[in-house]
Amino acid sequence: MSGVCFLLLMLPLLSAQTYHWGPCPTPKVQPNFNLQQYLGKWYEIEKLPAPFARGKCIEINYSIRRDGTIQLLTSQIYKDKKRHAEGTGVVPDPREPAKLGVSFSYFTPYVPYWVLTTDYTSLSIVYSCTDILRIFHFNYSWILARSPYLPPETVRYAKQLLIDEGIDIFRMTHTDQNCKDK
């Protein structure tokens, strides 16, 4: 009974997220991932709903800090204001460099942030999933690009890759990158 109560209490917190019963899927990640090539600016093209990314003109810039951690600087326009957030990324296991851990607060643990595929110059597909007691999970996914727009066939390719890896993209939405006044 207490487990059911816990789930009922958690559901409102997850309303802006995509959640499913059971444990997280384990998609394949980019082989031989090269973080140095990945650094720089990426634009969000599409995503699964995320309560922290509700605006438009969403960008993320990756760089390496002096201490070796990854700095993630995000920006978006939300409610007519430009908003910024800074996060930290780490590579928990150097044998799997495409499986990053990311946190946007000193008070939260690192969450999975997996680069499923990238060509480093135009497209990146990122996936994150958090498992709650293997009873249910909530996930995020992003289609990122080096420019604010991707050809429709590239977006279709990215979505098909997610589907093929067992990731439900039913709630995936387009990010408005029409940002003249950025």
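None of these values were measured; they are calculated from a predicted model. These values consider heavy atoms only, across backbone and side chains, with no hydrogens, waters or symmetry-generated copies.
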Contact between [X] and [Y] at the side-chain level, heavy atoms closer than 4.5 Å - yes or no?
{"X": "Val102", "Y": "Phe104", "answer": "yes"}
{"X": "Lys159", "Y": "Glu46", "answer": "yes"}
{"X": "Met172", "Y": "Ser141", "answer": "yes"}
{"X": "Tyr110", "Y": "Thr88", "answer": "yes"}
{"X": "Ser128", "Y": "Trp142", "answer": "yes"}
{"X": "Ile64", "Y": "Leu35", "answer": "yes"}
{"X": "Arg83", "Y": "Ile77", "answer": "no"}
{"X": "Leu123", "Y": "Ile143", "answer": "yes"}

message: Checking Asp93 now: which residues fulfil salt bridge (Lys or Arg N to Asp or Glu O under 4.0 Å) with it, not counting sequence neighbours?
response: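 If we apply the salt bridge (Lys or Arg N to Asp or Glu O under 4.0 Å) test to Asp93, skipping adjacent residues, the hits are Arg95.
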query: Residues two or more places apart in sequence or in another chain: which of them pass salt bridge (Lys or Arg N to Asp or Glu O under 4.0 Å) with Arg65?
result: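 Partners of Arg65 by the salt bridge (Lys or Arg N to Asp or Glu O under 4.0 Å) criterion, ordered by chain and then number, come out as Glu86.
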To the nearest 0.5 angstrom, please state how far the [atom1] atom of [X] sits from the [atom2] atom of [Y].
{"X": "Leu161", "Y": "Ile125", "atom1": "CG", "atom2": "CD1", "value": "4.5 Å"}
{"X": "His174", "Y": "Lys56", "atom1": "NE2", "atom2": "NZ", "value": "11.0 Å"}
{"X": "Ile45", "Y": "Thr173", "atom1": "CD1", "atom2": "OG1", "value": "12.0 Å"}
{"X": "Gln160", "Y": "Glu165", "atom1": "CD", "atom2": "CD", "value": "11.0 Å"}
{"X": "Asn178", "Y": "Asp176", "atom1": "CG", "atom2": "CG", "value": "5.5 Å"}
{"X": "Glu59", "Y": "Leu144", "atom1": "CD", "atom2": "CG", "value": "11.5 Å"}

Do you reckon [X] sits in the same ILVMFWY cluster as [Y], going by side-chain contacts under 4.5 Å, direct or chained?
{"X": "Trp21", "Y": "Tyr140", "result": "yes"}
{"X": "Phe136", "Y": "Val111", "result": "no"}
{"X": "Ile60", "Y": "Leu73", "result": "no"}
{"X": "Leu48", "Y": "Ile163", "result": "yes"}

Determine yes or no for a side-chain-to-main-chain donor-acceptor pair under 3.5 angstrom, with [X] supplying the side chain and [Y] the backbone.
{"X": "Tyr149", "Y": "Gln177", "result": "yes"}
{"X": "Thr108", "Y": "Ser103", "result": "no"}
{"X": "Arg146", "Y": "Lys41", "result": "yes"}
{"X": "His137", "Y": "Pro23", "result": "yes"}
{"X": "Gln30", "Y": "Ala98", "result": "no"}
{"X": "Tyr38", "Y": "Ser124", "result": "no"}

- request: Quick one: do Val29 and Tyr127 satisfy side-chain contact (heavy atoms from CB on, under 4.5 Å)? Show the steps, please.
  value: CA-CA 9 Å; Val29 296; Tyr127 178 69; over 6 Å; no
- prompt: Under the criterion side-chain contact (heavy atoms from CB on, under 4.5 Å), which of Thr118, Ile58, Asn61 is the partner of Trp42?
  reply: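 Among Thr118, Ile58, Asn61, the one meeting side-chain contact (heavy atoms from CB on, under 4.5 Å) with Trp42 is Thr118.
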task: Could you check Leu72, Val126, Ile70 and say which one makes a side-chain contact (heavy atoms from CB on, under 4.5 Å) with Leu100?
output: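 Running side-chain contact (heavy atoms from CB on, under 4.5 Å) over Leu72, Val126, Ile70 with Leu100 returns exactly one hit, Ile70.
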- request: Evaluate whether atom OH of Tyr157 has more than 12 neighbouring non-hydrogen atoms of other residues, nucleotides or ligands under 6.0 angstrom away.
  value: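 It does not: Tyr157 OH has 12 such atoms or fewer within range.
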Measure across [X] and [Y] and return the closest heavy-atom pair with its distance rounded to 0.1 Å.
{"X": "Thr130", "Y": "Pro112", "answer": "OG1-CD, 4.5 Å"}
{"X": "Gly101", "Y": "Pro92", "answer": "N-CD, 3.9 Å"}
{"X": "Tyr43", "Y": "Ser147", "answer": "CD1-C, 3.4 Å"}
{"X": "Ala145", "Y": "Leu150", "answer": "CB-CG, 3.5 Å"}

- request: Kindly state each residue pair satisfying disulfide (SG to SG under 2.5 Å) with at least one member in residues 65-121, sequence neighbours excluded.
  value: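 Not a single pair qualifies under disulfide (SG to SG under 2.5 Å).
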